[in-house]
Trainee: 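Dropping the structure in here first, questions after.
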Amino acid sequence: MKVASVLIPLPVPEAFDYEVPEAVALARGDQVAVPLGPRLIRGVVAEVRETTGSNRRLKAVEQVLDDPRLPERTVDFVEWAARWTLSAPGEMAAAALKGLRAPRPRPERRVRRVGERSPAKLTAARAAVLEALGPRSMPGPDLARAAGVSSGVVKGLVDEGVLEVVEIEAVAAFDPPDPDHAPASLNPDQAAAADAIAEAVTGGGFAPFLLDGVTGSGKTEAYLEAAARTLKTDPAAQVLILLPEIALTQALIERIAARFGAAPAEWHSGVAPPKRRQVWEAVQAGRCNIVVGARSALFLPFVNLRLLVVDEEHDGSFKQEEGLVYHGRDLAVARGRIEAATVVLASATPSLETLWNAHQGRYGWLKLAARHGAAVLPQISLLDLRQAPPDPQTWLSQPLREAIGETLARGEQTLLFLNRRGYAPVVLCRACGHRMTAPDTDSWLVEHRYTGRLVCHLTGFSMVRPKLCPSCGAEDSLVSVGPGVERVEEEVRQLFPEARTAVFSSDTAPDGKSARALIQTMAEGGIDILVATQAAAKGHNFPHLTLVGVVDADLGLRGGDLRAAERTFQLLTQATGRAGRADKPGRAVLQTWTPEHPVLMALAAGDRDAFVEAEMAEREAASLPPYGRLAALILSGENAAAVDKVARELAGSIPNAERLEVYGPADAPLALVRGRRRKRLLVRADRDVDLQGFLRAWLARVKIPASVRLNVDVDPYSFL
DNA sequence: AGCACGCCGACT
DNA sequence: GTCGGCGTGCTC
Ligand SMILES: [Zn+2]
């Protein structure tokens, strides 16, 4: 008897076995409908084996679906990713089927002439139809319109057998990219990097690289050149380029279209389901060569993936925190290994993990030294707020105000960077000191003045800003404390009433379309002063931007997060890098109360190596990543006692292990979210410890009731 | 994730 | 005496 192990999109730890009927041929990767309890469910075949029988009566595979088979190595990857992240393999498989939600497009119905057959009665209308159609095939309604007759005439000809209806499978065509369409001219560094990548691709086998170069050094041209050479040697090769955010895809797609004469496929959650199915099927059939996407594109069913690029690899947006918890960069490297492909991690400020791998020689290290073309790095200075404090209830100090004024007078643009949405991060009562908090979550409500609401940024809860203090009832006693981008813009408008100002945050540009519009206005010079969160720090080029003011450079450094320094260095490097071109040198001013902070000193000196060395030394001393590994277990539930009980049981069943410690349980940094109590346990292990194996053994010892949810985060980034 | 089974309050 | 509340557990 033949038995198939089938991956089912449920939170169960393993595949379920089904009997394979004699007449059915099945292989790994096939999509099947299998009975589960009373219903049928879609699954992916992980394995088919011959057995003599089994200890339980198996249900049989109901049907082999006619959706395409998942390639062998895509299934390998899915299974590996599930083991690595300790998630259910069936749920990981479901991530690979995300593109098939929309139904197959209905085949297009067209009419065409049957031989030279003519109608018995050739009326004027019928002649017009035959004339308009000629030897081609056309959709019936189009033909009627072209001939200027009603659709009844066409139908009559079909009924009489003069025309026939043919169904044409709607297959989306992705024009093949032309590697020689419009090659860029490369400087020697870029050429050397492209050579190294292209050689690795041609040589075959897994080959990871760090492509390391400052903003404007031309990383994109370098990896696109490598992609072009890949496609030149193997026109069937597939190339995947991952970006951290959907907002960045459009610009890259346009660049690729210009470079290759054909637009790449686009893949992310914003793409409509029918389009997604087309891309999925084209990738699976090898009819699509270049895909640009967000992290979920990692799960596409590539059949000949040769080159995988993770652009802005340091970006925290690659970490998926909701549902399946995984890091897109780490999984990209794993996929590259499984596909025996070349992987390029590109960044101006690589993550310490990636730098460590490059230092160790595990990754090839390609450095682009020069800024390419017209771009020039800005002059960065620290503005000591202890020497020049802003006036009360304002956030821009006098020297920064003067710099903005000068920039404005020259007709150039300013970007004021503050990574805080809204008007004020805290609202409190002057009478009683009460802080406005979310009702079911441990967080302050943020005031948004454009909408007049108080908003919880964690859950999206919002309320109208109340007239009376909800605690003491005092009237008009609520005051806004601290600045957000809206408040800085208000200050700018008062200072420079004639200047054109705008705010760029996920609130003012919630989708790709509005973001592109704002970016274009800025690029064309339609804005003098842009106040922005990190939404504007990434990737965009503004030729007239010559001043970047960082309103609060200390912001990210507060709080004892493991990656606070690293993240701040990366974000501020990125933000300040927006300023300056060859003909218009830029400068960046960082307002700080702690100018002696090593991160800020390294930024001002433009000395990334000094920062990396200091931060690496700290991580090494504490055996923290990249010198060790972490995993977080978050327990949550509405019943606080039940959560505590599970946390204690976990703490009481820790398996013995060497070079590994468990910390906690303790309240998670956000102890209450959406009414759910949260507890956290943290595991630290040396790099060579089998961390996942330890976690599996540990979790197998404890029964977790349905009322308590356990989230395992291997290699956590955010410590919330 | 569904969908069943199961043990305690207000109804014909 | 039953109808039904959703807590707990299983699905090859
Ligand atoms: Zn009050």
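Here is the naming used below: chain letters follow the sequence lines, and residue numbers restart at 1 for every chain.
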Trainee: Under the ring pair (Phe, Tyr, Trp, His ring centres under 6.0 Å) definition, can you give me all pairs with a residue in residues 671-705 of chain A, not counting sequence neighbours?
Mentor: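 Matches after skipping sequence neighbours: A:F694-A:W698.
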Trainee: Can you tell me the distance, in whole Å, between the CD1 atom of A:I704 and the P atom of C:dT8?
Mentor: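 Roughly 14 Å, once rounded to whole Å.
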Trainee: Provide, to the nearest angstrom, the distance between the CG atom belonging to A:L324 and the P atom belonging to B:dA1.
Mentor: 11 Å
Trainee: Once side-chain contact (heavy atoms from CB on, under 4.5 Å) is applied, do any residues pair with A:R49, and if so which ones, sequence neighbours excluded?
Mentor: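 Per chain and number, A:R49 pairs via side-chain contact (heavy atoms from CB on, under 4.5 Å) with A:V3, A:S5, A:D17, A:E47, A:T51.
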Trainee: Which residues satisfy the salt bridge (Lys or Arg N to Asp or Glu O under 4.0 Å) test with A:D330, sequence neighbours excluded?
Mentor: none
Trainee: May I ask you to decide if the ring planes of A:F77 and A:F299 are parallel, tilted or perpendicular, using 30° and 60° as cut-offs?
Mentor: tilted
Trainee: Could you list, one pair per line, each protein nitrogen or oxygen that sits under 3.5 Å from a nitrogen or oxygen of nucleotides 9-12 of chain C, together with the distance?
Mentor:
unit_1: C:dT11; atom_1: O3'; unit_2: A:G37; atom_2: N; d: 3.3
unit_1: C:dC12; atom_1: OP1; unit_2: A:P35; atom_2: O; d: 3.3
unit_1: C:dC12; atom_1: OP2; unit_2: A:K59; atom_2: NZ; d: 2.7
unit_1: C:dC12; atom_1: O3'; unit_2: A:D17; atom_2: O; d: 2.7
unit_1: C:dC12; atom_1: O3'; unit_2: A:K59; atom_2: N; d: 3.2
unit_1: C:dC12; atom_1: O2; unit_2: A:D17; atom_2: N; d: 2.7

Trainee: Taking CZ from A:R709 and C1' from C:dT8, how many angstroms apart are they, rounded to a whole number?
Mentor: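 The distance from CZ of A:R709 to C1' of C:dT8 comes to 17 Å, rounded to the nearest Å.
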Trainee: According to side-chain hydrogen bond (donor to acceptor under 3.5 Å, both in side chains), who are the partners of A:S347, at least two apart in sequence or on a separate chain?
Mentor: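 Once residues adjacent in sequence are excluded, the partners of A:S347 under the side-chain hydrogen bond (donor to acceptor under 3.5 Å, both in side chains) criterion are A:H314.
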Trainee: How close or far is atom P of B:dG2 from atom CG of A:L40, stated in whole angstroms?
Mentor: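 About 14 Å, once rounded to whole Å.
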Trainee: Any salt bridge (Lys or Arg N to Asp or Glu O under 4.0 Å) pairs touching residues 291-307 of chain A, not counting sequence neighbours?
Mentor: A:D234-A:R306
